[in-house]
Amino acid sequence: MPSNKLWSTLSSALLASLLVSRVAGAVEPSDVTRELANTIPLADLHMHVYGVKGSTPANILRFMKENNVQWGGGVGHYQSQMQDELGPRYIAAIGSKAWAQVFRTRAASGLQILDQSTFDELFAQAERLFKEGKLKGFGEIHVKNKLKFDPSFERSIPLDSPVINKMYELANRYGGFVQIHSMGGIFGGYDEVSVMAERYPKALTILSHCLPGTPPHLIGKLLDKHSNVACELSAQGLVHMPPPVGGRVFNRDGLRAEWAQIIEQHPKQFFVGTDPCCGLEDKYGEMIAEIRQNFLPYLTPNTLRRVAYQNAMERFGLPGQ
């Protein structure tokens with residue numbers, strides 16, 4: 001994710017595409033779903049742990065315990081302390097640190113050059129961790145961020161490129177995932193997701209934030225076509241998008257009807273997430289509260305359970321509590 005300041009700018013820039021009025025027929029929560037949402041354990045599929053400042057393993061582990069988050073990860077940086085503490089409940093990901101390092105030193109063009117020491121080290125470590133049964137996948141990999149007001153963050157990397165193909169090859173071999181991030185209007189590589197999903201049938205593509213800027217009906221078509229594509233729904237609430245922007249998928253009024261329909265039609269292809277990045281780590285409890293109050297109660301009970309944790313357990317072979 002970008003810096004906290006940039007995230008605020010992103011929220012404003014994407015206002016037009018993110019604000020969709022709720023329509024008639026929205027699911028309303030019941031006492032049963034409200035109670036279930038408040039008490040159910042969660043699997044956080046966008047849980048950054050950078051290892052610095054407030055984003056230390058000790059802090060994140062404390063936040064998880066306080067908020068009944070039993071499984072977490074989905075994005076880098078890989079943290080051995082999280083592995084030691086959570087064991088198989090850690091949804092360990094790798095790759096974001098190396099990806100960012102190459103982008104800083106060699107710009108966007110460097111992200112398509114497989115033969116370099118940074119990526120050699122990344123893939124050697126990834127294969128070792130996969131073989132040890134510790135690693136679940138790669139992420140968060142920023143592929144398309146065309147934001148004219150911040151050229152330092154811009155890039156447009158095809159999914160079908162050497163480094164990303166290597167990630168998919170390993171994920172496909174070991175039944176892992178690649179979590180990709182795209183922001184800035186309708187996803188320019190929408191069709192590329194289909195190409196990679198078909199080429200690597202045993203790899204799961206996770207769409208960070210469910211492709212901001214992409215309307216739900218297009219997300220639905222993609223999920224219809226590929227059972228090995230899924231969305232995680234982090235950074236959707238008011239912590240990341242303060243009023244008056246509100247949330248793209250849910251806000252203080254609840255889950256938007258068009259998104260409720262897509263999720264209920266594809267209950268096995270959605271995850272929850274927080275995205276405690278960029279100085280927002282101490283708001284972790286608020287992010288979880290948004291998920292429990294403004295999102296999960298608006299799902300039917302079976303779908304609620306699936307999105308909250310069952311999908312993660314099934315997809316990644318996670319143990320029970």
Side-chain angles (χ1 to χ4, degrees), residues 1-2 6-7 10-20 45-46 48 74-75 93 95-96 99 137-147 153-161 164 167-168 171 177-198 200 203-237 240-241 245-251 255-256 258-263 265-275 277 291 295 307 311 315:
M1 289 297 298
L6 176 56
W7 180 251
L10 294 175
S11 298
S12 299
L14 293 175
L15 177 60
S17 62
L18 297 181
L19 285 180
V20 183
L45 260 292
H46 204 115
H48 288 288
V75 290
S96 63
W99 190 257
F138 294 92
E140 160 190 29
I141 308 302
H142 286 252
V143 291
K144 295 182 189 296
N145 297 293
K146 300 300 290 183
L147 303 166
F153 197 63
E154 284 189 16
R155 73 205 73 174
S156 184
I157 309 300
L159 288 184
D160 193 0
S161 56
I164 296 177
M167 294 179 185
Y168 270 96
F177 65 81
V178 180
Q179 182 167 168
I180 61 172
H181 174 113
S182 172
M183 182 172 286
I186 293 179
F187 180 52
Y190 181 88
D191 291 334
E192 296 176 60
V193 175
S194 286
V195 170
M196 303 306 270
E198 290 174 359
Y200 301 104
L204 176 68
T205 298
I206 301 177
L207 307 176
S208 293
H209 322 302
C210 208
L211 295 183
T214 304
H217 74 278
L218 288 182
I219 295 293
K221 288 182 179 180
L222 192 60
L223 301 183
D224 282 341
K225 188 175 181 181
H226 303 291
S227 62
N228 61 335
V229 175
C231 275
E232 66 84 14
L233 294 171
S234 66
Q236 301 296 331
H240 289 84
M241 298 184 204
V245 176
R248 169 191 176 217
V249 176
F250 62 87
N251 60 20
L255 177 62
R256 299 184 187 279
E258 60 273 26
W259 281 98
Q261 181 179 12
I262 296 298
I263 296 168
Q265 289 172 344
H266 305 88
K268 296 184 178 182
Q269 290 169 272
F270 283 89
F271 306 105
V272 294
T274 55
D275 194 11
C277 80
I291 292 168
F295 172 46
V307 176
N311 287 340
R315 290 276 189 172

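Reckoned from all heavy atoms, side chains included, excluding hydrogens, waters and symmetry mates.
- Not one N or O on the side chain of Glu258 forms a donor-acceptor pair closer than 3.5 Å with the backbone of His217.
- Considering only heavy atoms from C-beta on, Ile219 comes within 4.5 Å of Leu211 through its side chain.
- When atom types are taken as modelled, the side chain of Gln265 and the backbone of Asp224 share no donor-acceptor pair closer than 3.5 angstrom.
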Practice task
Evaluate the criterion side-chain contact (heavy atoms from CB on, under 4.5 Å) for residue pair His48 and Ser96; output intermediate values, then yes/no.
Solution key: CA-CA 10 Å; His48 288 288; Ser96 63; 5.6 Å; no
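- To the nearest 0.5 Å, the span separating CD1 on Ile291 from CG on Leu233 amounts to 8.5 Å.
- In this structure, the side chains of Asn228 and Met196 stay at 4.5 Å or more apart for every pair of heavy atoms.
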Exercise for the section: List the steps and the verdict of side-chain contact (heavy atoms from CB on, under 4.5 Å) for Phe271 and Gln179. Expected result: CA-CA 12 Å; Phe271 306 105; Gln179 182 167 168; over 6 Å; no
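- The two residues Gly74 and Phe177 make their nearest non-hydrogen contact at O-CE1, 3.5 Å.
- The backbone N or O of His46 sits nowhere less than 3.5 Å from a side-chain atom of Asp275 that would complete a donor-acceptor pair.
- Classification of the Phe295-Phe250 ring pair by plane angle, with boundaries at 30° and 60°, yields parallel.
- Inter-residue side-chain proximity for Val193 and Ile180 is flagged as met; some heavy-atom pair is nearer than 4.5 Å.
- Checked by atom type and distance alone, the side chain of Asn311 pairs as donor or acceptor with a backbone atom of Pro267 at under 3.5 Å.
- In terms of modelled atom types and a separation under 3.5 Å, the side chain of Arg256 and the main chain of Asn251 share no donor-acceptor contact.
- For the residue pair Leu204 and Val229, the shortest heavy atom distance occurs at CD1-N, 4.0 Å.
- Residue Asp160 holds its CG atom at 12.5 Å from CG of Asp191, rounded to the nearest 0.5 Å.
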Exercise for the section: Show your reasoning for whether side-chain contact (heavy atoms from CB on, under 4.5 Å) applies to Ser234 and Leu45. Expected result: CA-CA 8 Å; Ser234 66; Leu45 260 292; over 6 Å; no
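- The aromatic rings of Tyr168 and Tyr200 sit parallel to each other, their planes meeting at less than 30°, with 60° as the upper class boundary.
- What you find for Phe138 and Ala93 is that their closest heavy atoms are C-CB, 4.4 Å.
- Within the 3.5 Å criterion, the main-chain N or O of Cys231 finds no donor-acceptor partner in the side chain of Gln269.
- Using a 4.5 Å cut-off on side-chain heavy atoms (C-beta onward), Glu232 and Glu140 make no contact.
- Side-chain contact check for Leu207 versus Leu222: some heavy-atom pair is nearer than 4.5 Å.
- Nearest heavy-atom pair across Gly247 and Met241 is CA-SD, 4.4 Å.
- Across every non-hydrogen atom of Gly220 and Ile262, the tightest pair is CA-CD1, 4.0 Å.
- The minimum heavy-atom distance linking Val249 with Gln236 is given by the pair CG2-OE1, 3.3 Å.
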Problem - Stepwise side-chain contact (heavy atoms from CB on, under 4.5 Å) check, Ile141 with Ile157 - result: CA-CA 10 Å; Ile141 308 302; Ile157 309 300; over 6 Å; no
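- For the atom pair CD of Glu192 and NZ of Lys144, the computed distance is 4.0 Å after rounding to the nearest 0.5 Å.
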